[in-house]
Amino acid sequence: MKPSAVFLGIAALAGQHALAQEQSPLPASCSTFPTQGQYPKNAKLPDPFLKADGTRPGKPTVTTSMSGSTISITCAEGGKTISFSVAVKAPSGSGQAPYPAVIGLGGGSVPYPAGVAVISYNNQDIAVDNPHGKGKFYDLYGSTHAAGGLMAWAWGVSRVVDALEQLGADKTKIDVSRLGVTGCSRNGKGALVAGAFDDRIALVLPQEAGSGGPGCWRIVNDMKKNGTKVEDSTQIVQGDGWFTPSFVSTAADVSVLPFDHHMLIGLVAPRGLLVVENSGIDYLGPPSTFGCTTAAREIYAALGVGDRIGISQASHGSSHCQLPSSQNGDVAAYFGRFLLNATAGSTGFMDTDAKWVFSLPQWADWTLAALS
Ligand SMILES: *[C@@H]1O[C@H](CO)[C@@H](O)[C@H](O)[C@H]1NC(C)=O
Ligand SMILES: *[C@@H]1O[C@H](CO)[C@@H](O)[C@H](O)[C@H]1NC(C)=O
C-alpha cells in the first residue's frame, strides 16, 4: 500500500471523526471505546483498519474520465453513487507538460502564475453552506453524517486528486506531485482543511479564511472580550453547516477543546503553506490568524522546516477576497518554491502591516519538541 493510501484510510476516518475530534473534548469513537476487559478475544493479529464502532475505514470506488477540459468523477460506496466534475484550465505562458496545478475551491482568487494549471472545483455541489447534511457528500454517506461541510469539501478535493492519479499525466498534462489548493473566505477554510488531511497536496494557500480557518478560537475569544467584532465559535455554528453538529455545544466554551487551529495548520507540515490574510477586516480576526500561524510555525520549526510556513497579511480597504498587488510577491514566492521548482525567492516570512504584537509566551506554556 502506498503511503498516500494509508493516509487516505486515516482521512476516511477523519471524514467521520476529524472535526468531531477537533471540536469536542471526547470524540464519539473514544467516548464509546471499550475499556480493558471488554475486548473480544482474538488470537490473531488485530485488524489495524477496524474502527471502534466495528466498521472499517476505506475510500469510495472512484471512476473517472476526461473530455476536453472537463474531468468527471464518480464515487461509489455502499451501493450508492454520486458524480461531479471539475474544469481544468491550461496554464498560461510557456512551460512544459506535465504542469503543476492548483485546485481552487470556488475557483479561487489569488493570482495564478504562468505555468500553473487551474482546476476549478465547485465545492458547494459536494456540501451546501446550509443546512448541514445537504450536497453530494451527504447523498453518498447519509444526511446525518457527522462530517461538517469543510470536511466534506476536503473529501471532494481528495477525490479530485484520486482522479488525476488515475487518469495519469499523459491524459491530464498535470503533475500530481506538484498540486496546490486554494480558496477565499469559507473556501479558504475548506482549502486549509483539504491541505491538512491530504498529504498529496504540496502547497496550501488559504486566503482571508479567518476564524474557522487559520484563526485560533481562544485568541478570537480574547479579541471579542477586548471589544473587537470578530466571528467567534458561537457565531460560526449558527446557520452554516461548515462544522460537525457536535461542535455546537462545545463552541460555547472553547477552552475545553483539546485542540485549536494552530494544530490544524500544523497538519500541513512539512508541506508548503502560506496564510494569506486581510489585516483590515476585524470579522476575520487578523490578530488571531497572525497569532495562530505564529504558534503553528513552532510545529514546522520542530520539524526543521520553519521556512515552509508563512503569513502575508495586509489591509486594503474593505474588499474581501481581492488580493492587493502588494501581496502578489508573497503569493508568487510560494508558487515558485513549491510548484514551479524555483530556487529564488524567499518563503518563511511572517509579513503583516498591522501594529499588533503577538506574544507567543502569553498564549503558549509549552516549548518546542525536538522532532527533527
Ligand atoms: C486583549 O487585551 C489585553 C489587555 O490589553 C491584551 O493583553 C491582549 O493581548 C488583548 N488580546 C488580543 C487578542 O489582542
Ligand atoms: C520541476 O521538477 C519536476 C520534478 O523534478 C520536473 O518533472 C519538472 O519538469 C520541473 N519543472 C520545471 C518547470 O522546472
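By convention here, the first residue in the shown sequence is residue 1. Both counts, for ligands and for their atoms, begin at 1 and track the order of listing.
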Checklist entry - Taking Glu165 as the fixed residue, which of Arg159, Arg200, Lys171 is the one that meets the salt bridge (charged side-chain N to carboxylate O under 4.0 Å, His left out) rule? => result Arg200
Checklist entry - Going by heavy atoms, is Gln362 under 4.0 Å from ligand 1? => result yes
Checklist entry - Are more than 12 heavy atoms from other residues, nucleotides or ligands located less than 6.0 Å from atom CG of Asn42? => result yes
How far is [atom] from its nearest protein heavy atom, and which residue and atom name does that atom have?
atom                    : answer
atom 13 (C) of ligand 1 : Met223 CG, 3.6 Å
atom 11 (N) of ligand 1 : Asp222 OD2, 2.8 Å
atom 2 (O) of ligand 1  : Asn226 ND2, 2.3 Å

Checklist entry - With a 4.5 Å heavy-atom cut-off, do Gln313 and Thr293 have their side chains touching? => result no
Checklist entry - Hey, does the side chain of His261 reach the backbone of Gly213 with a donor-acceptor pair shorter than 3.5 angstrom? => result yes
Checklist entry - How long is the gap from CE on Met66 to CD1 on Ile73, to the nearest 0.5 Å? => result 10.5 Å
Item to check | Any protein heavy atom nearer than 4.0 Å to atom 5 (O) of ligand 1 | outcome: no
